[in-house]
2 protein chains.
Amino acid sequence: MVKLAKREEQIMQAFWSLGKAYIKEIIPELPDPKPHYNSVATMVKILEEKGFLDHETVGNIYNYYPKISREEYQKHAMKDIVSQYFNNSYPSMLAFFAKEEKISDTELDELVNLIKSNKK
Amino acid sequence: MVKLAKREEQIMQAFWSLGKAYIKEIIPELPDPKPHYNSVATMVKILEEKGFLDHETVGNIYNYYPKISREEYQKHAMKDIVSQYFNNSYPSMLAFFAKEEKISDTELDELVNLIKSNKK
DNA sequence: AAGCTAATACTAATGAATTAGTATTACAAC
DNA sequence: GTTGTAATACTAATTCATTAGTATTAGCTT
């Protein structure tokens, strides 16, 4: 899967939140300063060429929706990140967060349960 | 902290591995095709301007070393990632990995111990 | 000290991502 | 059916990242 550039990814995030949207609806989701409508339209078209979006035509306007799910993309993106920062080791990534104390004991217990139940 | 571009980050990764290095030593660490010596020198200079590297002069040549540690940078980079993909929730990121079953039971136990011992 | 070598400095060119203008189109309202 | 509106299409310009050329410099060798 192609890695998305920054702005492309912001736009995909907006679509993933909204599910289905007109370009008009995407713009408010983007961080300030808001880009020009046509800038977004261009990126959306590129995203469609890349296979990330598809559209239905409603009268005169296009209603776009994601063709690739956030989860699918995350899977690839995180794989890259783990390979880049953590030498391809998921445990060493988790150890990093452990050291950073970003996870509370309660959360930890919940996660352990979640992981174990997923394994069954 | 500034987010590094792809090549900049590759170069920083090389410095983080080597600790201290001449430009000459960085090049073999980079993925093929190896960039031109001067291309690397330019990026290294930019990285120095951005505060990621510093150097000592040894006779006629510069010996560069990281001013910002890999851990420091990771902390920021991962913060961005978690905010971007996981709505600022570290637990929800971990849940994602749990679902992906990237973590074995043994690894999980080790991590739980690691996290708990860090908390003391 | 003149010439050789290996480094850095400076800078122009390329390429990718992004922006936004102008042109075009389709439909709706009158 | 002409006009107005709001969308998309096309494309030129800008910006940022990256590359690599040429120029310069410092020190070593003779």
Side-chain angles (χ1 to χ4, degrees), chain A residues 1-15 18 20-68 73 76-77 80 84, chain B residues 1-15 18 20-68 73 76-77 80 84:
Chain A
M1 191 182 313
V2 189
K3 194 167 159 33
L4 298 176
K6 207 168 102 199
R7 183 61 105 187
E8 291 175 331
E9 198 162 315
Q10 287 172 356
I11 291 171
M12 282 309 298
Q13 290 294 347
F15 276 106
L18 300 176
K20 206 166 194 182
Y22 302 102
I23 289 172
K24 212 178 180 175
E25 297 169 318
I26 292 301
I27 296 169
E29 302 292 314
L30 299 174
D32 293 316
K34 311 294 184 203
H36 191 282
Y37 180 100
N38 289 347
S39 305
V40 179
T42 303
M43 302 255 66
V44 164
K45 245 184 134 240
I46 291 167
L47 285 166
E48 198 170 11
E49 277 162 26
K50 289 189 180 174
F52 279 79
L53 291 174
D54 203 350
H55 75 268
E56 285 167 6
T57 306
V58 179
N60 189 12
I61 65 181
Y62 293 179
N63 199 218
Y64 290 95
Y65 55 90
K67 240 175 115 178
I68 288 177
Y73 184 70
H76 285 268
D80 282 356
Q84 186 172 15
Chain B
M1 194 183 308
V2 188
K3 193 169 161 31
L4 298 176
K6 208 169 101 200
R7 183 60 105 188
E8 291 175 330
E9 199 162 314
Q10 288 172 356
I11 291 171
M12 282 309 298
Q13 290 294 347
F15 276 107
L18 300 177
K20 207 167 193 183
Y22 302 103
I23 288 172
K24 213 180 180 175
E25 298 170 315
I26 291 301
I27 296 169
E29 303 289 317
L30 299 173
D32 293 316
K34 311 294 184 203
H36 191 283
Y37 180 100
N38 289 346
S39 306
V40 179
T42 304
M43 302 256 64
V44 164
K45 244 183 136 243
I46 291 167
L47 284 165
E48 197 170 10
E49 276 162 25
K50 289 188 179 175
F52 279 79
L53 292 174
D54 204 350
H55 76 268
E56 286 168 6
T57 304
V58 179
N60 188 14
I61 65 180
Y62 292 179
N63 198 219
Y64 290 95
Y65 55 89
K67 241 174 113 177
I68 288 175
Y73 184 69
H76 285 268
D80 281 356
Q84 188 172 13

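Letters A, B, ... are given to chains in the order of the sequence lines, protein chains preceding strands, and every chain is numbered from 1. All figures in this text were calculated on a predicted structure; none of them were measured in a lab.
- Judged by distance alone, the side chains of B:Tyr65 and B:Glu56 never bring a donor and an acceptor atom under 3.5 Å apart.
- Look at NE2 on B:His36: it is 18 Å from P on C:dT11, rounded to the nearest Å.
- Here the nucleotide nearest the side chain of A:Met43, chosen from D:dA20, D:dA7, C:dT19, is C:dT19.
- Atom NZ in A:Lys34 sits roughly 17 Å away from atom P in C:dT18 (whole-Å rounding).
- Two residues are said to be in side-chain contact when any heavy atoms from C-beta on lie closer than 4.5 Å; A:Pro35 and A:Arg7 meet this criterion.
- Checked by atom type and distance alone, the side chain of B:Lys34 pairs as donor or acceptor with a backbone atom of B:Pro28 at under 3.5 Å.
- Listed nucleotides: C:dC10, D:dA9, D:dT11. Nearest to the side chain of A:Thr42: D:dT11.
- Between B:Lys67 and B:Phe15, every side-chain heavy-atom pair lies at or beyond the 4.5 Å cut-off.
- Rounded to whole Å, atom C1' of C:dT18 lies 13 Å from atom CG of A:Leu30.
- Counting non-hydrogen atoms of other residues, nucleotides and ligands closer than 6.0 Å to NZ of B:Lys24 gives a total of 12 or fewer.
- Rounding to whole angstrom units, CD1 of residue B:Ile26 and C1' of D:dT19 are separated by 18 Å.
- Counting atom types as modelled, B:Asn38 pairs a side-chain N or O with a base atom of D:dT22 as donor and acceptor under 3.5 Å.
- Under the 4.5 Å side-chain criterion, counting only non-hydrogen atoms from C-beta, A:Val44 is not in contact with A:Tyr62.
- The separation between B:Ile61 atom CD1 and C:dA7 atom P is 6 Å, rounded to whole Å.
- As rounded to whole Å, 12 Å separates atom P of C:dT19 from atom CG of A:Leu47.
- The A:Pro35 side chain lies nearest to C:dA20 when the options are D:dT18, C:dA20, C:dA9.
- Listed by residue number, there are no residues of residues 1-11 of chain A with a heavy-atom contact under 4.0 Å to DNA chain D.
- For A:Tyr62, the side-chain atoms get nearest to D:dA9 when compared with the rest of C:dT19, D:dG21, D:dA9.
- When all heavy atoms are compared, the tightest approach of A:Leu4 to A:Glu9 is O-OE1, 3.9 Å.
- In this structure, the nucleotide among D:dC10, C:dT11, D:dT22 sitting nearest to the side chain of A:Lys45 is D:dC10.
- Between A:Val40 and A:Asn60, the residue anchored closer to the 5' end of DNA chain C is A:Val40, taking for each the nucleotide with the nearest heavy atom.
- Rounded to an integer number of Å, the gap from A:Glu25 CD to D:dA6 P is 16 Å.
- In this entry the distance linking CD1 of B:Ile46 with C1' of D:dC16 reads 10 Å, nearest Å.
- A sub-4.0 Å separation between OP1 or OP2 of D:dA6 and a side-chain N or O of A:Lys24 is absent.
- Comparing D:dT19, C:dA20, D:dG21 against the side chain of B:Ser39 picks out D:dT19 as the nearest.
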